[in-house]
Amino acid sequence: MDQEKTAICLVDHRRHMVLDGRFLKDLEPATRNLIKGEYPSAKVTDFICDHDLLKYQLMRVDGMVNSDVKQTRKINRRLTKAMQSDDYDIIDVNDNLEKTLTFGQRVSDAVARFGGSWGFIGIFTLVLVAWMILNGAQLFGIHFDPFPFILLNLGLSCIAAIQAPIIMMSQNRAADRDRMNSENDYHVNLKSEHELRILHAKLDNLTQNQLPHTLEIQKLEIEILGQIRNELDTIERNQFLNSAKENESLRESDTNHFEKTPKQKG
């Protein structure tokens with residue numbers, strides 16, 4: 001019974017078999033909106049044949065493809081701009097500090113390096129032991145700092161008082177180096193974070209828009225191929241029917257010709 005039902009297409013206003021088209025209520029909202037854009041008075045109960053529906057399906061496919069391409073180009077431009085951005089140059093901390101070193105800063109660094117080494121500890125220990133043996137045992141009659149070595153304590157205190165601020169100067173320079181390294185890390189991390197955000201946006205667009213659109217396009221392509229196949233079958237059927245009618249008419253004309261020929265001879 002369904003094969004015998006017919007409906008009038010709202011586009012070409014011709015009567016078609018129901019199987020050769022779709023009602024608007026059976027179409028997806030996006031395709032239905034395209035049709036209503038050209039035919040505002042169209043209702044969901046209206047019918048459209050496959051031949052005219054093909055136009056709107058192709059328009060929908062073209063719109064989805066253009067939308068995806070436009071969004072991808074926009075994200076690619078943002079990513080390229082972010083990767084090519086030279087608004088901050090990474091500073092070579094060691095080279096920058098080396099060029100700005102003063103003589104006093106070089107001395108402070110040298111004192112700090114030597115004062116924090118095993119060589120300094122060994123030499124200082126030998127000097128202390130020699131001082132105490134020389135003055136305690138009074139070798140060679142030398143006895144300029146008797147026990148409890150007050151002069152030695154005074155010298156050690158002076159050395160410590162002078163060495164401490166020199167080492168602090170070197171530590172301040174180390175703090176400046178750490179600060180510059182932190183600034184470099186901050187700017188690098190900031191730029192990397194910006195690029196990662198754009199990459200995430202690109203992945204989100206791919207997973208949330210392009211992949212669903214791809215599946216939807218494939219579904220439409222299958223429907224379009226089915227409609228084209230049905231139209232080809234219809235064309236072949238019509239050609240076969242026309243050919244059969246022509247053959248039938250030829251046979252009828254031949255029959256009439258043979259029937260008339262004997263009468264003419266008689």
Side-chain angles (χ1 to χ4, degrees), residues 7-14 16 18-92 180-235:
I8 298 176
C9 176
L10 65 90
V11 178
D12 60 11
H13 305 292
R14 295 179 181 178
H16 299 269
V18 172
L19 294 178
D20 293 335
R22 304 272 292 277
F23 288 98
L24 296 190
K25 63 181 180 180
D26 298 328
L27 298 177
E28 295 184 357
T31 306
R32 187 164 59 243
N33 291 335
L34 287 175
I35 297 173
K36 286 187 175 182
E38 293 189 8
Y39 299 92
S41 60
K43 301 177 182 178
V44 293
T45 56
D46 289 337
F47 177 83
I48 182 171
C49 64
D50 289 337
H51 178 76
D52 294 318
L53 178 60
L54 180 62
K55 167 189 172 183
Y56 298 100
Q57 289 176 327
L58 291 176
M59 288 174 58
R60 185 181 172 196
V61 171
D62 187 60
M64 286 189 291
V65 171
N66 290 335
S67 176
D68 291 341
V69 170
K70 183 178 179 180
Q71 185 66 17
T72 301
R73 287 178 178 175
K74 181 179 178 181
I75 295 176
N76 286 337
R77 284 196 299 267
R78 289 176 57 195
L79 182 59
T80 303
K81 183 178 178 180
M83 295 182 69
Q84 294 178 348
S85 177
D86 295 328
D87 55 349
Y88 178 78
D89 294 330
I90 303 301
I91 299 174
D92 187 346
M180 296 177 69
N181 282 327
S182 298
E183 289 180 357
N184 277 341
D185 293 340
Y186 169 75
H187 288 285
V188 171
N189 293 336
L190 189 63
K191 186 175 182 180
S192 299
E193 182 180 359
H194 182 53
E195 293 176 1
L196 286 175
R197 285 181 178 179
I198 299 176
L199 288 174
H200 278 297
K202 189 172 185 178
L203 289 175
D204 291 341
N205 178 61
L206 178 64
T207 56
Q208 297 178 8
N209 295 327
Q210 291 190 11
L211 288 180
H213 284 177
T214 301
L215 296 176
E216 200 167 352
I217 289 172
Q218 290 178 350
K219 181 181 177 181
L220 287 173
E221 287 175 347
I222 294 174
E223 293 181 1
I224 291 171
L225 289 175
Q227 294 170 8
I228 293 175
R229 180 62 183 175
N230 291 335
E231 290 194 7
L232 290 176
D233 291 341
T234 302
I235 293 172

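Just so it is clear, the values below take in all heavy atoms, side chains as well, and ignore hydrogens, waters and symmetry mates.
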So, do [X] and [Y] sit near enough that their side-chain heavy atoms are less than 4.5 Å apart?
X      : Y      : result
Ile35  : Leu53  : yes
Ile198 : His194 : yes
Val44  : Lys36  : yes

- [ ] State whether the number of non-hydrogen atoms from other residues, nucleotides or ligands found under 6.0 Å of Tyr39 atom OH is greater than 12.
- [x] yes
Open item on the list: For the backbone of Leu58 and the side chain of Asp62, can you confirm whether one donor and one acceptor N or O come within less than 3.5 Å of each other?
Closed with: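 Side chain of Asp62 to backbone of Leu58: no pair is present.
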For a quick test of reading the model, state the closest non-hydrogen atom pair linking [X] to [Y] and the distance between them.
X     : Y     : value
Cys49 : Cys9  : N-SG, 3.4 Å
Phe47 : Ala7  : CG-CB, 3.6 Å
Ala42 : Leu10 : CB-CD2, 4.3 Å

Approximate separation, where rounding is to 0.5 Å, of [X] [atom1] and [Y] [atom2]:
X     : Y     : atom1 : atom2 : answer
Arg22 : Leu24 : CZ    : CG    : 10.0 Å
Asp26 : Arg32 : CG    : CZ    : 9.0 Å
Asp68 : Arg73 : CG    : CZ    : 12.0 Å
Ile48 : Ile8  : CD1   : CD1   : 14.5 Å

TODO: Just jot down the side chain to side chain contact (heavy atoms under 4.5 Å, CB included) partners of Leu34, sequence neighbours excluded, or say none.
DONE: Tyr56, Met59, Arg60
Task: Pair listing, salt bridge (Lys or Arg N to Asp or Glu O under 4.0 Å) test, anchored in residues 37-56, at least two apart - done: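 For residues 37-56, and leaving out neighbouring residues, the salt bridge (Lys or Arg N to Asp or Glu O under 4.0 Å) pairs sorted by first residue read Glu38-Lys55.
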Task: All salt bridge (charged side-chain N to carboxylate O under 4.0 Å, His left out) counterparts of Arg14, not counting sequence neighbours - done: none
